[in-house]
Structure formats: C-alpha cells, structure tokens
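Below you'll find the structure, written out as structure tokens, and then a few comments.
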2 protein chains.
Amino acid sequence: MDGRPHVTLEDVARAAEVSLATASRALNGTTKVRADLRERVLAAAEQLAYTPNAHAQALAGASHRTVGVICHDVSDPYFAAIARGVMRVAGDNGLLVMLASTFRDPQKEIAYISMLRAQRASAILLVGSGFEDKAWERALAAEIDPYRRGGGQVAVVSRHRSLRVDSVQPENREGAAALARALLELGHRRFAVLAGPRALTTVVDRLAGFREGLAEAGVELAESDIVEAAFTRDGGHSAMSRLLARGLEATCVFAVTDVMAIGAMTALREAGLSVPADVSLAGFDDIPVVRDLTPALTTVALPLEELGERAMELAIRDSRGTRSRVLRLPGEVVLRQSTSRVPA
Amino acid sequence: MDGRPHVTLEDVARAAEVSLATASRALNGTTKVRADLRERVLAAAEQLAYTPNAHAQALAGASHRTVGVICHDVSDPYFAAIARGVMRVAGDNGLLVMLASTFRDPQKEIAYISMLRAQRASAILLVGSGFEDKAWERALAAEIDPYRRGGGQVAVVSRHRSLRVDSVQPENREGAAALARALLELGHRRFAVLAGPRALTTVVDRLAGFREGLAEAGVELAESDIVEAAFTRDGGHSAMSRLLARGLEATCVFAVTDVMAIGAMTALREAGLSVPADVSLAGFDDIPVVRDLTPALTTVALPLEELGERAMELAIRDSRGTRSRVLRLPGEVVLRQSTSRVPA
DNA sequence: ACTCTACCTGTAAGCGCATTCAGAAAGCGC
DNA sequence: GCGCTTTCTGAATGCGCTTACAGGTAGAGT
C-alpha cells in the first residue's frame with residue numbers, strides 16, 4: 001500500500017487542538033487524560049476515520065499482536081481443523097494470524113519463517129511434520145534460534161523432535177497401539193498398512209504403535225504389508241490400488257491418516273470390494289467428515305481443534321526461562337461401521 | 001515480542017565498516033554498490049543473522065507485502081479450497097497472508113478489517129457472504145472507504161452487492177438452473193430444497209436459479225418445499241431430519257451447499273432411506289470430499305481454488321482509477337451416483 | 001595535465017508513534 | 001495567601017529503515 005492520504009495521529013491531535021502526546025495517551029488510555037480533552041481526541045479520531053499505523057506503533061515499542069502459523073496446506077482437513085482452534089484462541093486474544101502454506105516445500109518454510117521474523121511476529125507456530133533433511137534442519141535452526149534469542153516464541157504441533165521448543169503432540173503411538181488392540185479384538189490377524197512418507201515422525205510413531213499393539217498378541221507386521229504413499233487422498237487411493245493389484249491378503253487395512261483412508265475407501269469401492277464385508281478399514285485423526293462416509297470410518301479420534309488451541313496458548317504465554325513444555329493429548333479409538341468382526 | 005537484542009542494520013553496517021545507507025543499498029540492491037563493499041555487507045548480515053525489521057521498512061516507505069484475508073471459518077471445506085488458491089498466488093508473489101476467521105460474527109469482521117487497516121495491508125480479501133444488517137453495512141463501509149482512499153485494495157469472493165469493489169463470483173444462479181435442468185432430465189418433478197439463511201446472496205441466487213430451471217419445465221417449487229438451516233453439516237442434517245419428520249414427498253432433494261448435503265446424506269442413511277434408490281440428493285460446490293462419499297454426490301462443480309487465485313490476483317493488481325471489476329466463473333453440473341432416474 | 005562528468009558513498013531527514021522528562025496547572029494544608 | 005505535592009500536558013527523543021542530497025573519487029575528454 002502506498003496511498004499517501006493517510007490520517008496520522010498528528011492530524012488527530014491538530015483537529016482536537018491538543019498535543020501529539022496527549023492524543024496518543026487519550027487513544028491508548030495509558031495515562032489519565034482530562035475528560036474533555038479525551039473526548040475531543042476521540043471525536044476527532046472518529047471523525048477523521050483515524051487508524052493507528054501498526055508499523056509505527058511496533059517500531060515505537062508497543063508490542064504488536066501478530067502471530068505466524070506455518071502449515072503444509074490449509075485445505076487439508078486435518079490442518080483445517082487445527083487451524084480452527086488456532087484461529088479461535090487468536091481471535092479471543094486480539095491477535096492477528098499470519099498464515100502460510102508451504103505446500104511441503106522446505107525452502108518455502110524457511111522463507112516464511114524469515115518473513116515472520118522480519119514482521120517481528122510475537123510467536124511462530126509450526127504445524128505438521130518437518131523434513132528429514134540435515135541441510136533443512138540447519139537452515140531452520142538458523143532462523144529459529146536468532147528469533148528466539150530476540151524474544152520470539154515458538155511452538156510446534158506434532159513435529160520433529162530436533163527442535164527444542166514448546167510443543168503439543170498427539171499420542172500417535174499410544175493411539176495406534178490402542179487401535180491395533182481394538183482390531184485384534186474384532187478377530188483380525190492379517191493387516192496391511194497404508195503409510196505416508198517414512199521420514200515423518202507422525203508416520204513412524206503410528207506405525208511403531210500399531211506394531212506394538214499387534215505384537216502384544218503375537219501378530220507381526222511384515223515390511224511387505226506396508227505400502228508407502230503421499231500423505232493425501234490420492235496417495236491413499238493409489239496405495240490401496242497397488243495393494244489390491246498385488247493381491248490383498250489382509251482382512252483389515254489401516255491407513256495412517258483419515259485423508260488417506262478416504263482415498264483408500266474409494267479405491268476399494270471402485271474395485272468392487274465392500275467395506276467392511278470384504279475388508280475392514282481404519283484411519284487415524286477423526287477429521288470431521290469421516291463419520292459421514294458410508295460406511296462411517298473407524299479411526300483414532302484426535303482432539304484436533306484442541307491441538308490448535310493448546311498450541312496457540314503455549315505460543316502466547318511467555319516461556320522465556322522455562323524449559324520447553326510438551327503437552328501430550330491422547331487419542332481415542334472410535335469404532336464405526338468400516339470395521340467389522342472377522343467371521344470365525 | 002520485545003526481546004531487545006535485535007540485530008539492526010546499523011549493527012551490520014558497523015560490522016562491515018560501511019555507512020548505514022550503503023548497507024541498506026547493498027542488501028536491497030536498489031543502487032549499484034561497489035562489489036567488495038557489498039560482499040562485506042552481505043557477509044556481515046549473514047554472520048549476524050540479520051533480519052530487517054519489516055515495520056521500520058514499511059514505515060520508511062518501502063511498500064511491504066502483506067495481504068489480509070477474512071473468511072467465516074477456515075475449517076469449512078468450501079473456504080479451505082478457496083484459501084488454497086489464495087495461498088498459492090500469495091506465495092508466488094512473496095506476500096504474507098494474514099488470515100482471520102470471523103466465525104460469522106459481524107463485529108469480528110469489522111474488527112479484523114480495522115486491524116488489517118492498521119497493519120497497512122496492501123490488500124484485503126473478503127471471502128463469503130456478508131450480513132444482512134444495515135448497521136453492519138455502514139460500519140463495513142466506514143472501514144473500507146478510508147482504507148481504499150488510503151490506497152488499499154479490496155476484493156471480494158462471492159459476496160454482497162452492496163460493496164462496489166473488485167469481485168470474483170461463481171455463477172450460482174446459472175449453475176443452479178443447469179442443475180435443475182439436469183434433474184428434470186432424470187425425470188424428477190417433486191423437489192425439496194435445503195437452504196441456508198435466506199439473507200445470504202449465495203442462497204438467494206442458487207434458490208432463484210433452481211426455481212428458474214424448474215420453471216422452464218413448468219415445475220413449481222412451493223415455499224413449503226424449502227427448509228432453512230445453518231450453512232453447515234449439522235444444518236443440513238437437521239434440515240433433512242425435519243423434512244423427513246414432516247413426510248417427504250419429493251423424489252429429489254437439493255442442498256444448496258455440499259457441506260449441507262453431507263449432513264443430509266447421513267440423516268437419510270440414519271432414517272433408513274437409500275440414496276438414490278429412495279431419494280436423489282444433489283449439492284453445490286464440489287468440495288473435494290464429495291466424490292468420495294457413497295454414493296458420490298451429484299453437484300455443481302465450482303472452480304474453488306481458481307476462485308481464490310483470481311481474487312488474489314485482482315487484489316494484487318493495482319485497480320485505482322479502474323472501475324470495479326467483476327469476474328464471473330461458471331460452475332458445471334457433475335452427475336454422480338447420488339441422483340438417479342425416476343422410474344416412469 | 002586539467003576540467004567535466006559519472007558513479008558511488010556517506011550524511012541527514014524523516015516515516016508515525018510511544019514515552020521520557022520537564023514544566024504548568026491545580027489541589028492541599030497551614 | 002504562600003509553598004508544597006500531585007496531576008496532567010507538551011516538547012523532544014528515538015525505534016530501524018529508506019532515500020534524497022551533497023560530497024568525493026576516478027575516469028574520460030581535450
């Protein structure tokens with residue numbers, strides 16, 4: 001923006017026939033100002049449609065209230081749900097949120113952090129897994145460290161361990177283990193897993209947890225039972241298709257993400273298979289839409305909005321001096337119609 | 001943020017043993033700077049992890065690159081899809097997006113615009129319908145007008161006519177009419193409509209278009225065939241339930257929004273009715289997930305991401321002097337399995 | 001060799017605001 | 001009614017940066 005005709009505090013002060021300082025004080029209420037003067041200032045401001053210049057305010061020392069949130073893709077329902085919580089808390093605290101989508105491009109992530117740093121955002125929230133890349137991790141640290149040294153807050157949702165910052169983490173491992181137990185309970189013994197990129201901790205944890213749960217019953221998950229694909233609906237679809245092409249032996253398929261499960265379900269339908277009569281299918285996350293699928297998806301329900309809310313709260317609260325806090329939020333297995341008992 | 005130890009340009013200049021001006025020029029590349037000096041400056045900046053203070057830059061006149069986007073709810077798939085387009089274009093243009101969710105609170109909307117104005121955002125994007133409220137419209141104008149006079153750009157996606165600004169609009173009316181025709185083609189003659197709040201232009205337009213399409217075949221839509229509800233999944237669910245409770249005579253239900261259609265579909269399933277065998281169901285928008293429903297939803301496909309992209313492009317391009325531009329994007333009827341031919 | 005013209009570099013003036021500091025006004029006790 | 005304290009006001013400073021503007025240096029032209 002560059003239109004010149006901007007009303008400044010000086011204009012207001014002149015119109016109200018007071019000094020700049022008085023106008024500032026009247027507007028901010030930092031100090032007592034004689035009632036009639038304040039009235040005059042407020043009236044003038046109103047009349048001139050004055051809006052303080054946030055940049056000037058920030059520069060002059062007033063802590064400005066903006067936070068940055070970086071995610072992979074706003075349109076992913078998983079993130080959208082988290083973002084909802086983030087937005088609510090931000091709104092309640094009068095914060096402006098600068099939201100950036102990296103579209104899973106590490107470079108963009110770094111670039112955005114740098115921009116947020118330039119904006120002197122009071123906090124930065126990183127949502128979603130990081131990248132398995134040493135160079136990237138270094139670059140990330142190179143942005144984050146000076147930012148924090150400068151007083152910036154950083155919080156993370158479901159993210160790399162490499163960062164030593166406040167974080168909110170869903171209990172992926174425990175949730176997946178619980179899911180495994182529930183599926184075993186239904187009589188399943190042969191499983192297949194649709195996994196996302198193995199580099200992501202989310203994937204690793206859920207996989208490990210699932211294996212753990214199975215192991216308790218002496219059931220093993222072979223590497224060949226795991227198919228890797230992109231963390232998207234299409235990824236789930238293609239992974240499921242590949243699985244089917246090679247001949248599916250499992251009675252139950254676990255997609256590490258609801259979004260992938262959605263794709264998988266469609267792939268199964270397209271292949272003429274019925275869920276759960278022919279195969280049971282389970283997901284993870286409990287994004288809002290999965291209960292409206294037919295059959296409704298069995299999944300591990302994560303408090304997604306709360307994840308966002310807590311993270312934002314961490315980011316707001318001053319943490320200097322504190323050692324990094326970790327908040328773990330449990331998931332809960334929700335059995336719906338996409339899984340059924342295996343006929344004995 | 002308020003941590004003092006912030007590296008400033010002056011620090012860099014001192015470290016590089018050049019003047020402040022030279023450092024600035026070297027970093028911004030605005031003017032030729034002797035090669036060795038530039039090297040020194042760049043090295044110093046790098047070494048000190050210098051990040052320019054965007055506020056100071058903005059204040060000093062450098063046009064800063066941030067845009068504001070205001071929507072009702074990030075987690076609504078309709079908006080999420082649009083936001084995706086917005087984010088992409090913003091990212092490609094090096095813009096930082098400040099995103100705000102109003103949660104359909106008119107006051108919040110005004111408050112956010114005011115904040116964006118304070119931030120001197122170079123453009124503001126309003127996504128989604130406005131409110132039918134004279135007081136609100138006045139308040140909105142009171143924020144928008146000075147903002148535009150100050151050189152701010154404003155663009156709108158699918159929104160009130162009351163604002164005379166650049167806008168991108170889906171062809172709701174035409175799309176709904178085309179859908180009506182397609183449904184008539186399938187033999188349907190008795191319809192019911194799940195509408196959102198009648199105050200929203202989106203609802204009004206889609207309703208009008210649908211009526212229009214039906215009228216061409218001499219089919220009328222009685223007021224009693226229209227059920228109003230919130231613009232959400234639950235709204236669709238409850239509207240459908242009410243419709244069923246009162247005894248459904250229609251052979252086809254049109255939900256003015258896919259999100260509502262999703263709720264409706266579940267309500268139908270819960271009532272033991274089969275789609276499309278017992279009732280056909282159609283939506284509008286083509287949000288990504290509806291093709292994965294069972295049955296896949298017939299709907300009017302809107303280029304949602306493109307809506308966001310175009311709007312952002314409008315917002316970026318300087319429009320001063322130009323009269324407000326309106327971009328209309330057509331929808332396309334997509335027949336899927338949720339609608340079927342009526343047995344003769 | 002000397003002047004003139006390019007080209008850089010550094011000095012300094014704000015951008016709009018919060019805030020410190022000193023001084024004016026007002027209230028109090030005696 | 002005078003001096004004191006207590007409020008409140010206004011002038012001035014600086015936040016970090018960009019950008020005229022002026023000064024300096026070096027190369028070109030004659």
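We name chains A, B, ... by the order of the sequence lines, and we start the count at 1 in each one.
- A side-chain N or O of B/Arg117 and one of A/Thr51 form a donor-acceptor pair less than 3.5 Å apart.
- In this structure, A/Leu9 places its CG atom 11 Å from P of C/dG16, rounding to the nearest Å.
- Atom CG of residue B/Leu9 and atom CG of residue B/Leu20 lie 4.5 Å apart, to the nearest 0.5 angstrom.
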Pairs under 3.5 angstrom only: tabulate donor-acceptor contacts from the side chains of residues 308-316 of chain A to other protein residues two or more places apart or in another chain.
| from | atom 1 | to | atom 2 | distance (Å) |
| --- | --- | --- | --- | --- |
| A/Glu309 | OE2 | A/Arg88 | NE | 3.1 |
| A/Arg310 | NE | A/Glu306 | OE2 | 3.4 |
| A/Arg310 | NH1 | A/Glu313 | OE1 | 3.1 |
| A/Arg310 | NH1 | A/Glu313 | OE2 | 3.4 |
| A/Arg310 | NH2 | A/Glu306 | OE2 | 3.3 |

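- Nucleic acid contact class of B/Thr8 (heavy atoms, under 4.0 Å, all strands): sugar-phosphate only.
- Shown are B/Lys108, B/Glu109, B/His72; of these, the side-chain hydrogen bond (donor to acceptor under 3.5 Å, both in side chains) with B/Thr102 is made only by B/His72.
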Protein-nucleic acid N or O pairs under 3.5 Å, nucleotides 22-25 of chain D:
none

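- Atom-to-atom, NE2 of B/His55 to P of C/dC17 comes out at 14 Å; the value is rounded to the nearest Å.
- Under 4.0 angstrom from either OP1 or OP2 of C/dC15 there lies no side-chain N or O belonging to A/Asn53.
- For the side chain to side chain contact (heavy atoms under 4.5 Å, CB included) with B/Leu125, the lone residue among B/Leu99, B/Val67, B/Val69 that qualifies is B/Val69.
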Look for any protein N or O under 3.5 Å of an N or O in nucleotides 8-13 of chain D and output each such pair with its distance, or none.
| from | atom 1 | to | atom 2 | distance (Å) |
| --- | --- | --- | --- | --- |
| D/dT9 | OP1 | A/Arg34 | N | 3.1 |
| D/dT9 | OP2 | A/Arg34 | N | 3.4 |
| D/dG10 | OP2 | A/Ser19 | N | 3.1 |
| D/dG10 | OP2 | A/Ser19 | OG | 3.3 |
| D/dG10 | OP2 | A/Thr22 | OG1 | 2.7 |
| D/dG10 | N7 | A/Arg25 | NH2 | 2.6 |
| D/dG10 | O6 | A/Arg25 | NH1 | 3.2 |
| D/dG10 | O6 | A/Arg25 | NH2 | 3.3 |

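- Of all heavy-atom pairs spanning B/Tyr147 and B/Gln153, the tightest one is CE2-O, 3.3 Å.
- The phosphate of C/dC17 (OP1 or OP2) has no side-chain N or O of A/Gln57 nearer than 4.0 angstrom.
- Regarding B/Leu59, its CG atom lies at a distance of 17 Å from the P atom of C/dA13, rounded to whole Å.
- Taking atom CZ on A/Arg120 and atom C1' on D/dG16, their separation rounds to 9 Å, with Å as the unit.
- Rounding to the nearest 0.5 Å places OG of B/Ser24 at 13.0 Å from CD of B/Glu10.
- Between B/Asp73 and A/Arg84, at least one side-chain nitrogen of the basic residue sits less than 4.0 Å from a carboxylate oxygen of the acidic one, meeting the salt-bridge criterion.
- When rounded to the nearest whole Å, the span between CD of B/Glu10 and P of D/dT18 equals 13 Å.
- Taking atom CG of B/Asp11 as the reference point, atom C1' of D/dC17 lies 13 Å away to the nearest angstrom.
- Considering OG of A/Ser101 and CD1 of A/Ile70, their distance stands at 10.0 Å, rounded to 0.5 Å.
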